[in-house]
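Start at 1 and go down the list; that is how both ligands and their atoms are numbered.
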Amino acid sequence: MKKLSIVANIKSYKNEVEAKEWLENFKKIKDLNLNPSDKEVIVCPSFTQLFSFHSFFSSNIITAYIGAQNVSPFEEGAYTGEVNAKQIKDFAKYVLIGHSERRKNFGETGDMLVNKVEVSLKYELVPIFLVQGKDTPIPDGVKLIAYEPVFAIGTGNPDTPPNANFVSKAIKSVRPDTRVLYGGSVTSVNVRSFTEQPDIDGVLVGGSSLDAEEFIGIVKNA
Ligand code: PGA
């Protein structure tokens, strides 16, 4: 059986009270008795919540990893407002790089994304590199990729599982050492139609991860 990675991208939504409520509800993930070598769960909260998620998972013995939603393209230094890989590494194992929302709204360019991947690898963070199509350039050193077509993000209009599989397969034919996830309007109802595809290694979930119980349903049904 292939290993699946199920990623929650909580985006820029929850304040402290809402995040605590999410964590309380997420405790039920323990009922699934997950083995991370079969199903690995990765939760990406906002920077302000990396610490609380990290300590909540360890004190409640929850088998899930933390990811950051972004990382500075620079190392530590005089970069006001940036959070760098060395800082993130204290709390997280993964980091999302190249999301279409960041490319579009924050002007992130290919060069900047290469820098982000390089600093992440230097500090032993695992980049989850998001591509919008099979021809999106992927920096060297990336091993985990998420294919997220822009039309499918937050629209309730996912890609078809066969096409998502076609794109994953095309990426792997050029980068055989990678695993590829699918993202875009994944729910507990449609998740299996993606994870049962031979070349899809998991899912990246935005909107449906905002409700912890729905996200647990996705993990369960994947
Ligand atoms: P969505 O978002 O699940 O709400 O479509 C996915 C993402 O942006 O990562």
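- Annotation for ligand 1: atoms under 4.0 Å from non-hydrogen atoms of His99 are 7 (C), 8 (O), 9 (O).
- Between Asp201 and Lys172, at least one side-chain nitrogen of the basic residue sits less than 4.0 Å from a carboxylate oxygen of the acidic one, meeting the salt-bridge criterion.
- For ligand 1 and Ser185, the ligand atoms under 4.0 Å from any heavy atom of the residue are 1 (P), 3 (O), 5 (O).
- Ion pairing between Lys86 and Glu75 fails under the 4.0 Å rule for side-chain N and carboxylate O.
- With rounding to the nearest 0.5 Å, the separation of CD1 in Ile218 from CZ in Phe194 is 11.0 Å.
- Within ligand 1, counting atoms from 1 as listed, the ones closer than 4.0 Å to a heavy atom of Lys11 are 2 (O), 7 (C), 8 (O).
- In terms of polar-atom proximity, defined here as any N/O pair under 3.5 Å, Thr155 makes no such contact with ligand 1.
- Near Gly206, meaning under 4.0 Å from one of its heavy atoms, ligand 1 places the atoms 1 (P), 2 (O), 3 (O), 4 (O), 6 (C).
- The closest approach between Ser208 and ligand 1 stays at or above 4.0 Å for every heavy atom of the residue.
- Although no hydrogens or angles enter the test, the distance criterion places no donor-acceptor pair under 3.5 Å between the side chain of Lys3 and the main chain of Glu40.
- A salt bridge is absent between Lys14 and Glu21: the closest approach of a Lys/Arg side-chain nitrogen to an acidic carboxylate oxygen does not fall below 4.0 angstrom.
- Close approach of ligand 1 to Gly207 (heavy-atom distance below 4.0 Å) involves ligand atoms 1 (P), 3 (O), 4 (O).
- Contacts between Ile153 and ligand 1 below 4.0 angstrom, taking non-hydrogen atoms only, involve backbone and side chain alike.
- The Gly184 neighbourhood of ligand 1 comprises atoms 5 (O), with distances under 4.0 Å to a heavy atom of that residue.
- Put simply, no part of Gly183 is less than 4.0 Å from ligand 1, judged by heavy atoms.
- Residue Gly154 has at least one heavy-atom neighbour below 4.0 Å for each of these atoms of ligand 1: 1 (P), 4 (O), 5 (O).
- Ion pairing between a basic and an acidic side chain is recognised when a charged N comes within 4.0 Å of a carboxylate O; Glu118 and Lys122 show no such pairing.
- Residue contacts with ligand 1 include Ala152, since one or more of its heavy atoms lies under 4.0 Å from the ligand.
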Side chain to side chain donor-acceptor pair (under 3.5 Å) assessment of Arg102 paired with Gln69: CA-CA 10 Å; Arg102 295 211 57 86; Gln69 295 175 19; over 6 Å; no
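- For the atom pair NZ (Lys169) and NZ (Lys134), the distance works out to 13.5 Å, reported to the nearest 0.5 Å.
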Step-by-step salt bridge (charged side-chain N to carboxylate O under 4.0 Å, His left out) determination, Lys93 to Glu124: CA-CA 8 Å; Lys93 176 174 177 190; Glu124 295 179 341; over 6 Å; no
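- Using a 4.0 Å cut-off to heavy atoms of Leu204, the atoms of ligand 1 that qualify are 9 (O).
- Ion pairing between Lys27 and Glu24 holds under the 4.0 Å rule for side-chain N and carboxylate O.
- The distance criterion of under 3.5 Å between nitrogen or oxygen atoms is met by Glu148 with respect to ligand 1.
- Considering backbone and side-chain atoms together, Val205 places no N or O closer than 3.5 Å to any N or O of ligand 1.
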